[in-house]
Q: 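After the structure tokens below, expect a handful of questions from me.
Every heavy atom of this structure was used, including side-chain atoms; hydrogens, water molecules and symmetry mates were not. To find a chain, count down the sequence lines: A is the first, B the second, and so on, and within it residues start at 1. Being a predicted model, the structure only gives us computed values, none of them experimental.
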Number of protein chains: 2
Amino acid sequence: MGEAQAKHDVFQAIADPTRRQLLKLLAGKEMPVTVISSHFPMSRTAVSKHLRVLSEAGLVKERRVGRENRYSLDPQPLQEIKEWYAYFERFWENKMAALQFFVEADRSDDPV
Amino acid sequence: MGEAQAKHDVFQAIADPTRRQLLKLLAGKEMPVTVISSHFPMSRTAVSKHLRVLSEAGLVKERRVGRENRYSLDPQPLQEIKEWYAYFERFWENKMAALQFFVEADRSDDPV
DNA sequence: ATTATATACAACCGTTTGGTTTCATATCAA
DNA sequence: TTGATATGAAACCAAACGGTTGTATATAAT
């Protein structure tokens, strides 16, 4: 049935700076939790919980190899971010034209 | 000088669905708090607090007109989002090529 | 002057978040 | 088998979050 999990929102998943670092770290690489957590100034458990959030947002994949759990980036859900802000792009592409136009058009300026 | 406020992170600001709605509502328009809050199923105060967060992230501008406070979108800080995920774009542009390559290269598969 | 409107600000509250420490379990090495 | 390693899970905690109600203040309308 195609569509992955949505238990955690992508926007919320990338809101945390540690999780954004995790995504960069795992881009194109695959590493187990202990190696990953050695890059962060917090406990392994804390990193593991961040990985869980990313996983629930579909942003990382887990692969069990022996006793270790290897994580890697799955960038696909980031498309949602792209599509979201694409909507706003037209508002700065010609900021000095279109935006001003809209604002002026709506401006009545008589307080009430 | 120059650089605006950073009291609130852009990533965190857009993490909340209500705030994302607010941004869409204010895109190209300018409206006072009461009108804005009429679009939401929560108190005016709650909406006002969301607007504050957006303002601290630089995503909306406030303009006082008489007794009302008119808000409008300032899309500029969204550039940061664009730049951020641009980094990841190369990981899905040729997902079946580059990503596979990296993963395979790093894969040792001997547990320990 | 009085009243109504638009808004901010402060205090409060339950839930979520990001972290910790401790314990349990599965796998690998001796 | 015994011990080390990799990890998850549970309980706990302080702080932040998203909301509420109540109060104060400035502006506008009568």
Q: Taking only the side-chain nitrogens and oxygens of A:Arg52, find out if one of them lies under 4.0 Å from OP1 or OP2 of D:dA9.
A: yes

Q: Does a side-chain N or O of B:His50 approach OP1 or OP2 of D:dG19 to a distance below 4.0 Å, or not?
A: yes

Q: Run the side chain to side chain donor-acceptor pair (under 3.5 Å) test against A:Glu62 and tell me which residues pass, sequence neighbours left out.
A: A:Ser55, A:Asn69, A:Tyr71

Q: Between A:Arg19 and A:Ala13, which heavy-atom pair has the shortest distance, and what is it?
A: NE-O, 2.7 Å

Q: From the set D:dG18, C:dA8, D:dG8, return the single nucleotide nearest to any side-chain atom of A:Arg64.
A: D:dG8

Q: Measure from CZ on A:Arg70 to P on D:dT5 and round the result to the nearest Å.
A: 18 Å

Q: For residues 10-53 of chain B, pull every pair meeting ring pair (Phe, Tyr, Trp, His ring centres under 6.0 Å), keeping only residues two or more places apart or in separate chains.
A: B:Phe11-B:Trp84

Q: Among residues at least two apart in sequence or on other chains, which ones pass side chain to side chain contact (heavy atoms under 4.5 Å, CB included) with B:Ser43?
A: B:Thr45, B:Ala46

Q: May I have all residue pairs that pass salt bridge (Lys or Arg N to Asp or Glu O under 4.0 Å) and include part of residues 42-54 of chain B, sequence neighbours excluded?
A: none

Q: Would you call A:Leu25 and A:Met31 a side-chain contact if the rule is heavy atoms closer than 4.5 Å?
A: yes

Q: Could you state the atom-to-atom distance from CD of A:Glu68 to P of C:dA29 in whole Å?
A: 11 Å

Q: Among the candidates C:dT7, D:dG8, D:dC17, find the nucleotide nearest to the side-chain atoms of B:Gln12.
A: D:dC17

Q: Let me know the distance between CG of A:Leu51 and C1' of D:dA9, rounded to the nearest Å.
A: 15 Å

Q: Would you mind reading off the distance between B:Met31 atom CE and C:dT7 atom C1', rounded to a whole angstrom?
A: 17 Å

Q: Whole angstroms only, please: what is the CG-C1' distance between A:Asp16 and C:dG19?
A: 11 Å

Q: Under 4.0 Å between a side-chain N/O of B:Asn69 and OP1 or OP2 of C:dA6, yes or no?
A: no

Q: Identify, residue by residue, the members of residues 38-47 of chain A with a heavy atom below 4.0 Å from DNA chain C, and return them in order of residue number, or none.
A: A:Met42, A:Ser43, A:Thr45, A:Ala46

Q: Which of these nucleotides, C:dG19, D:dT7, C:dA8, is closest to any side-chain atom of B:Ser48?
A: C:dA8

Q: Taking the minimum atom-to-atom distance to the side chain of B:Arg67, which one of C:dT5, C:dA8, D:dG19 wins?
A: C:dT5

Q: Which residues pass the salt bridge (charged side-chain N to carboxylate O under 4.0 Å, His left out) test with A:Lys82, sequence neighbours left out?
A: B:Glu89

Q: In whole angstroms, how far is the P atom of D:dA16 from the CG atom of B:Asp9?
A: 15 Å

Q: Return the 5'-most residue of the pair B:Lys49, B:Val35 with respect to DNA chain C, ranking by each residue's nearest nucleotide.
A: B:Val35

Q: Under 4.0 Å: is that the gap between some side-chain N or O of B:Thr34 and OP1 or OP2 of C:dT7?
A: yes

